[in-house]
Amino acid sequence: MEDQRPFLLLLRGLLNTMGATNIVTKPSAEQAIALCRKQKYDIIVADLHLGADKKNGFELIEELRVRKLIKPSTVFLLISADSARPVVLGSIERRPDDYLIKPFSQAQLKTRITRSWQKRQFLQPVYSAIFEEDWNKAIDNAEHLASMTSPYQRSCEQLLVELYWEIKEPEKALDVLTPYINGKPLLWAQVALGKTYLRLKDPDKAIDTAEAILQSNRFSPEAHDILAEAHDLQNNHEEAVASIKSALKISPFSLPRHFAACQIAWNSNDYVLAAESSKSIWDLSKRTVHQDIAHWCGYIRSILDVAEHSEEKRTKNRYQQEALLALQRGKFDEALMRMAEDFDIDIYEQVMTARVNAIDGKMLDARKHLAASQIAIENKYDEYPVGFAPDSVKVMFDLGEFDDAQSLLTSLNRRSIVLDANSQELLRREERSASDKQSNYQQFNRKGINLYQQGQYEKAKEAFAAAQTFAPVNTGVALNLLQCLIKILDKNEKAEPTLVKECRRVYKLLEDMPLNHQHQQKLDALKGDLLTYIG
């Protein structure tokens, strides 16, 4: 796959001289993917750059492998005229069988293809088992090939280590790597050792290994990755952030690295770094096999996280505007439109506007926008869409609508929904921070309901008022308090002005507010008696 016709002709001629028969050339990754759906090829040679706003070589190799559109024995060569370190490292991290920088000779290309083909053929039993996701068979095949005399023993060992990681047996991976601990310092083995120590929860040894790698190769992004994760395990947040930033600076085109950066940033309360990596995740994924509307939602959400945790008003306003602007741009993003057939951006905008209002302390406005969004969701969808849930729950917790939040979380759990990492982090954070308020609210609200049922309206009013201090705009407790106030007023011969004033205050929390059917019915039932007191 190449978008330059002269090179395509040269490549075709070279492959012909090597004995290739069925040679097909395509100018774009999209056309190549369509072709691979119909036919399997032995060798694929792709340029990294395949046109602006189109899939590149990175994205092509990932999609073909993830969707299993190429055989386990297929050789994939990636070529590029760009020799910049981030590009080269980004290419190598995709694990092509080889990577060539233009210009190169026909002899070089022929040598690389031949070498890669021979290696693939030797390791085919392992790759075939991996393709079938039969990890035990893959391990057996790798162990057998590793016991043979061949130029590919280290490749077998490397595959074995990764297979033991896959089945979560890092101790066996360490057994494979033990000869390299005090032996010749091979880069792949040192990196594998560092990653194995992390899986064994031994951050000290992981740090020692990573630092040894950096002494001989200070541009190893994987060594910085290992340092970052090890420091994160030790809660050395400042060092973890510094290390992952170094890794990203050296090699910024890795989705797993940006996911790791987000996790480290959340653990360190570095919301700016989380926002930067969330944007990179969206940009890097939207044309790939990893595309997901959740990455766009995570990007918008991360911007508001920065706003929410900013101490300076100017910074808070800037990030709020950035989030709202990104929402508007999303309505015209073709990549987003293609993957968002059942995702209503206008509804999502209402949810996020509610979140902006909550950040500004405009809780009634936040509740109006959230309530409108929930009614729109109920009218449009049979089941609550996963994409709206995390931010809706977040605003519900902010507003003290704890019952609604828990109901939505229960619904997600019942459907066995697996959320993306960004959404999971948001919900963990919110459930943790809202825990005490929710407990106190529930305690006083239940107490008020029990007292009301016993006819002890004065004491019930005190309990509902206490619940409201923990959830000032909660709809349910406002209705309970209003109902209680009316009962007390009905008992007295003359309406007490302080109680009437309290009725007006509580009614303002409900007036002109979009309510769900159950709450609206209850308010309508109270209105007749209520209006006799407040006019």
Side-chain angles (χ1 to χ4, degrees), residues 363-364 366-368 370-372 374-375 378 384 392-393 395-414 430-535:
M363 293 306 185
L364 286 179
R367 204 177 79 189
K368 281 183 180 179
L370 180 69
Q374 303 308 295
I375 290 170
E378 188 176 337
Y384 202 102
S392 294
V393 169
V395 181
M396 289 170 186
F397 276 130
D398 286 342
L399 296 173
E401 297 285 5
F402 302 116
D403 297 329
D404 290 345
Q406 289 302 328
S407 175
L408 183 46
L409 288 171
T410 300
S411 168
L412 293 176
N413 291 332
R414 187 176 63 248
E430 291 308 308
E431 285 187 281
R432 190 166 57 242
S433 66
S435 176
D436 289 343
K437 281 186 178 180
Q438 182 176 357
S439 177
N440 287 321
Y441 152 77
Q442 289 173 336
Q443 176 188 340
F444 285 112
N445 194 43
R446 278 196 298 265
K447 181 180 178 182
I449 291 170
N450 290 334
L451 290 167
Y452 181 88
Q453 290 171 344
Q454 295 167 20
Q456 299 183 52
Y457 302 126
E458 289 284 354
K459 289 183 177 180
K461 178 178 78 71
E462 291 175 7
F464 288 136
Q468 203 173 50
T469 62
F470 297 102
V473 294
N474 181 284
T475 306
V477 79
L479 285 166
N480 289 341
L481 180 56
L482 196 60
Q483 187 177 31
C484 202
L485 288 166
I486 291 170
K487 284 288 186 184
I488 296 171
L489 284 166
D490 287 345
K491 283 177 63 179
N492 299 333
E493 292 183 7
K494 186 178 180 182
E496 188 178 326
T498 55
L499 292 176
V500 173
K501 185 178 179 181
E502 181 69 356
C503 280
R504 287 199 179 97
R505 181 192 70 79
V506 177
Y507 181 62
K508 282 184 179 180
L509 298 177
L510 304 166
E511 189 180 19
D512 299 328
M513 186 70 65
L515 302 177
N516 65 36
H517 181 67
Q518 183 182 357
H519 286 156
Q520 188 63 55
Q521 272 192 322
K522 188 169 183 179
L523 180 62
D524 290 342
L526 294 174
K527 268 187 179 178
D529 291 333
L530 175 66
L531 295 180
T532 61
Y533 294 111
I534 66 173

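Remember, it's a predicted structure, so these values are computed and weren't measured experimentally.
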Polar side chain donor-acceptor pair, [X] to [Y], under 3.5 angstrom:
X: Tyr441; Y: Asp403; answer: yes
X: Tyr384; Y: Gln374; answer: yes
X: Asn450; Y: Gln454; answer: no

Minimum heavy-atom separation for [X] to [Y], with atom names?
X: Val500; Y: Leu489; answer: CG2-CD2, 4.3 Å
X: Asp398; Y: Met363; answer: O-CE, 4.0 Å
X: Leu399; Y: Ala366; answer: CD2-CB, 3.9 Å
X: Gly400; Y: Ala471; answer: O-CB, 3.5 Å
X: Cys484; Y: Ala460; answer: SG-CB, 3.6 Å

More than 12 heavy atoms of other residues, nucleotides or ligands under 6.0 Å from [atom1] of [X]: is that the case?
X: Glu496; atom1: CD; answer: yes
X: Lys487; atom1: NZ; answer: no
X: Gln518; atom1: CD; answer: no

Do any N or O atoms from the side chain of [X] and from the backbone of [Y] form a donor-acceptor pair under 3.5 angstrom?
X: Asn445; Y: Ala467; result: no
X: Arg367; Y: Met513; result: no
X: Ser435; Y: Arg432; result: no
X: Glu401; Y: Thr475; result: yes

Self-check item: Single hit among Val477, Leu481, Asn480 for side-chain contact (heavy atoms from CB on, under 4.5 Å) with Val506
Solution: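 Checked Val477, Leu481, Asn480 against Val506; only one passes side-chain contact (heavy atoms from CB on, under 4.5 Å): Leu481.
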Exercise. Check the pair Phe397 / Gln406 against side chain to side chain contact (heavy atoms under 4.5 Å, CB included), numbers first and verdict last.
Key: CA-CA 9 Å; Phe397 276 130; Gln406 289 302 328; 3.8 Å; yes
[atom1]/[X] to [atom2]/[Y] distance, rounded to the nearest 0.5 angstrom?
X: Asn516; Y: Gln520; atom1: CG; atom2: CD; answer: 9.0 Å
X: His519; Y: Asp404; atom1: NE2; atom2: CG; answer: 6.5 Å
X: Leu409; Y: Phe402; atom1: CG; atom2: CZ; answer: 12.5 Å
X: Gln456; Y: Glu458; atom1: CD; atom2: CD; answer: 11.0 Å
X: Leu530; Y: Leu523; atom1: CG; atom2: CG; answer: 8.0 Å
X: Gln438; Y: Asn440; atom1: CD; atom2: CG; answer: 10.5 Å

Quiz item: Do Glu511 and Lys508 sit within salt-bridge range, that is, some charged N less than 4.0 Å from a carboxylate O?
Solution: no
Self-check item: Aromatic ring proximity, centroids under 6.0 angstrom, Tyr452 and Tyr457
Solution: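 Yes.
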Within the structure provided, determine whether [X] and [Y] are in side-chain contact (heavy-atom separation under 4.5 Å).
X: Leu499; Y: Tyr533; answer: no
X: Phe464; Y: Gln483; answer: no
X: Phe444; Y: Thr469; answer: no
X: Gln468; Y: Asn474; answer: no
X: Lys368; Y: Leu364; answer: no
X: Arg446; Y: Gln442; answer: yes

Quiz item: Does the pair Arg505 and Glu502 meet the rule for a salt bridge (charged side-chain N to carboxylate O under 4.0 Å, His left out), with working shown?
Solution: CA-CA 5 Å; Arg505 181 192 70 79; Glu502 181 69 356; 2.9 Å; yes
